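Remember, predicted model here, so these are calculated numbers, not experimental data. Reminder, nothing fancy here: chain letters follow the sequence lines and each chain counts from 1.
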Amino acid sequence: GQSLEQPSEVTAVEGAIVQINCTYQTSGFYGLSWYQQHDGGAPTFLSYNGLDGLEETGRFSSFLSRSDSYGYLLLQELQMKDSASYFCAVRDRVSGGYQKVTFGTGTKLQVIP
Amino acid sequence: DSGVTQTPKHLITATGQRVTLRCSPRSGDLSVYWYQQSLDQGLQFLIQYYNGEERAKGNILERFSAQQFPDLHSELNLSSLELGDSALYFCASSGGISGREGELFFGEGSRLTVL
């Protein structure tokens with residue numbers, strides 16, 4: 001079967017660094033994405049890792065280790081507006097060679113002053 | 001603005017009823033995905049279409065059905081509604097030229113309340 005695990009909640013101080021981990025189990029893995037969702041809003045894309053290593057986009061970085069079925073999202077210089085839910089999402093292969101995107105349960109990040 | 005349009009934004013209906021949610025993908029995107037998000041829950045994958053054809057199916061109930069039309073807009077039909085169907089239903093699209101690899105563009109969602 002398929003599963004994704006990430007912590008349900010994380011609290012961090014403004015200006016600090018926080019890492020949100022994601023482990024997954026799936027077959028036909030293509031890549032791992034990260035999305036941010038503010039309360040009541042739509043998920044917005046942050047990053048995608050198709051290969052092992054680190055991808056950096058401004059204050060956000062994402063890492064993937066395919067051999068460990070593990071990835072993380074790193075948020076630096078935290079700001080109050082970063083308080084949101086963060087979802088990892090696996091893109092994997094389904095029958096017929098097509099792809100689907102499955103989301104984890106999300107990590108609620110609270111940034112405190 | 002993601003470019004994905006979902007209607008209606010809010011919908012209140014009674015148990016046993018049937019509703020249709022509509023999604024217009026971003027211009028140029030051929031793939032449409034439907035997700036269900038219950039209160040404080042993750043995004044449950046329902047179904048995916050590509051250029052009018054069903055490509056992947058997730059945890060979609062038999063009471064639910066969807067289709068993608070030749071103009072690429074999609075509709076999600078929910079019938080025999082139950083209280084537990086109350087949720088935020090998101091549509092996402094991808095596959096166009098301007099998107100980054102792995103990027104899904106989400107609409108603002110349709111919030112369904114079943115009373």
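Cluster annotation: A/F29 and A/Y70 are assigned to distinct hydrophobic clusters (Ile/Leu/Val/Met/Phe/Trp/Tyr, side-chain heavy-atom contacts under 4.5 Å, transitive). By the criterion of side-chain heavy atoms lying less than 4.5 angstrom apart, applied directly or through intervening Ile, Leu, Val, Met, Phe, Trp or Tyr residues, A/F60 is grouped together with A/L32 in one hydrophobic cluster. Hydrophobic clustering of Ile, Leu, Val, Met, Phe, Trp and Tyr side chains at less than 4.5 Å, counting indirect connections, unites B/F64 with B/V19.
Nearest heavy atoms, A/A42 versus B/G107: CB-O, 3.1 Å. Nearest heavy atoms, A/F87 versus B/L43: CE2-N, 4.3 Å.
Proximity to chain A is limited to the side chain of B/Q37, based on heavy atoms less than 4.5 angstrom apart. With a 4.5 angstrom heavy-atom cutoff, A/Y30 does not touch chain B via any of its atoms. With a 4.5 Å cut-off on non-hydrogen atoms, A/V94 touches chain B through its side chain but not through its backbone. Contacts of B/Y50 with chain A are absent, with no heavy-atom separation under 4.5 Å from either backbone or side chain.
A/Q99 and B/Q48 are not linked by any side-chain donor-acceptor pair at a separation below 3.5 angstrom, with hydrogens and angles left out of the test.
Checked against the 6.0 Å centroid threshold, A/F45 and B/F106 do not count as a close aromatic pair.
Comparing B/S2, B/G58, B/G42 by heavy-atom pairs within less than 4.5 Å of chain A, the highest count is held by B/G42.
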Applying side chain to side chain contact (heavy atoms under 4.5 Å, CB included), run through B/F45 and A/K100 and close with a yes or a no.
CA-CA 9 Å; B/F45 171 68; A/K100 69 176 172 63; 3.7 Å; yes
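In this structure, B/E54 places its CD atom where more than 12 heavy-atom neighbours from other residues, nucleotides or ligands lie under 6.0 Å away. A 6.0 Å sphere centred on CG of A/D52 holds more than 12 heavy atoms belonging to other residues, nucleotides or ligands. Atom CG of B/L83 is surrounded by more than 12 heavy atoms from other residues, nucleotides or ligands within 6.0 Å. In the displayed structure, A/D39 atom CG is contacted under 6.0 Å by at most 12 heavy atoms of other residues, nucleotides or ligands. Counting non-hydrogen atoms of other residues, nucleotides and ligands closer than 6.0 Å to CD of A/E5 gives a total of 12 or fewer.
Within the 4.5 Å cutoff, side-chain heavy atoms of A/V101 are placed close to those of B/Y35. Annotation: side chain of B/L104 is not in contact with side chain of A/Y48 (no heavy-atom distance under 4.5 Å).
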